[in-house]
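Comments concern the structure below.
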Amino acid sequence: CGKLNCYDVVGVQRDASKSEISQSYRKLARKYHPDVSKAKNAADKFIQIARAYEILKDEESRTDYDYMLDNPDQYLRHYYRYYRKRLSPQVDVRVVIGVSLIVISLVQYLTALWRWQMAIRYLSSQSKY
C-alpha cells in the first residue's frame, strides 16, 4: 500500500473479518475497475485496492502487516521478514534431493536397459554368434 494504510484503502476496520474484507474489495473493485469507471484515476485506484487486498486476504501476510503497523520503528526487520518468506524455498530440500536421485537413477536404468536390448538384438542378428 505504500504510505497508505491498507485497511483505509479497502475501507474496513482493522478487526474486520476475511469475508468483510472480501465484500469491501469486490464492491470497490466493481466501482473503480478501469473498464467500468470513467474517472481519470480509476486505474491507479484499482491497483491500490488490489494491492491492499493481496496483503489483507492472506492471514499470514495480514499478521505481518499488523505487526508492521504496531512497530513502525523496526523498518528494516519488516523487509527481512517479507523477503525471507518470499524468497525462501517452498519445498523441503530433502524432497528435492530425493526426487532428483530417483529421476537420475531411473534415467540410468532405462539407458542400461536400452543398451542391453541393443546388444541382444545385435547378437541375435549376427549369424557368427
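Quick caveat: nothing in here was measured; it's all calculated off a predicted structure. The analysis underlying the following values was restricted to heavy atoms, covering all of them including side chains, and did not include hydrogens, waters or symmetry mates.
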Within a radius of less than 6.0 Å around CD of Gln13, do more than 12 heavy atoms belonging to other residues, nucleotides or ligands occur? no
Sidechain-backbone polar pair: Ser100 side chain, Val96 backbone, donor-acceptor under 3.5 Å: yes
Between Arg62 and Arg14, the two heavy atoms sitting closest are NH2-O, 2.9 Å
CD on Glu54 to SG on Cys6, rounded to 0.5 Å: 11.0 Å
What is the distance from atom OG of Ser22 to atom NZ of Lys27, rounded to the nearest 0.5 Å? 13.5 Å
Looking only at heavy atoms, which two atoms of Val10 and Ala52 are closest? And how far apart? CG2-CB, 3.5 Å
In the single-linkage hydrophobic clustering (I, L, V, M, F, W, Y; side-chain heavy atoms under 4.5 Å), do Val9 and Ile47 co-cluster? no
Do Val95 and Val103 belong to the same hydrophobic cluster, where Ile, Leu, Val, Met, Phe, Trp and Tyr are linked whenever their side-chain heavy atoms lie under 4.5 Å apart, directly or via other members? yes
With sequence neighbours excluded, residues passing side-chain hydrogen bond (donor to acceptor under 3.5 Å, both in side chains) with Arg94: Asp92
Can you see whether Asp15 engages Tyr7 through a side-chain donor-acceptor pair at a distance of less than 3.5 angstrom? no
Rounded to the nearest 0.5 Å, how far apart are CG of Leu113 and CG of Leu106? 10.5 Å
Is it the case that the side chain of Ser124 and the backbone of Arg121 share a donor-acceptor pair, with hydrogens and angles ignored and the cut-off at 3.5 Å? yes
Side-chain donor-acceptor contact under 3.5 Å, Tyr65 with Asp58: no
In this structure, would Val93 and Leu101 fall into the same cluster of hydrophobic residues linked by side-chain contacts under 4.5 Å? yes
For residues Tyr25 and Val36: do they belong to one hydrophobic cluster (side chain heavy atoms under 4.5 Å, members Ile, Leu, Val, Met, Phe, Trp, Tyr)? no
In this structure, would Leu69 and Val12 fall into the same cluster of hydrophobic residues linked by side-chain contacts under 4.5 Å? yes
To the nearest 0.5 Å, what is the distance between CD (Gln48) and CG (Leu28)? 11.0 Å
Is it true that atom CZ of Arg51 has more than 12 heavy atoms of other residues, nucleotides or ligands lying nearer than 6.0 Å? no
Members besides Trp114 in its Ile/Leu/Val/Met/Phe/Trp/Tyr cluster (side-chain heavy atoms under 4.5 Å): Met118
Hey, does Met68 have a side-chain heavy atom less than 4.5 Å from the side chain of Asp64? no
For Phe46, ring pair (Phe, Tyr, Trp, His ring centres under 6.0 Å) partners two or more places apart: His33
Distance col, row Ile120:CD1 vs Gln117:CD, nearest 0.5 angstrom, shows 9.0 Å
Find the distance between CG (Asp44) and CD1 (Ile49) and round it off to the nearest 0.5 Å. 11.0 Å
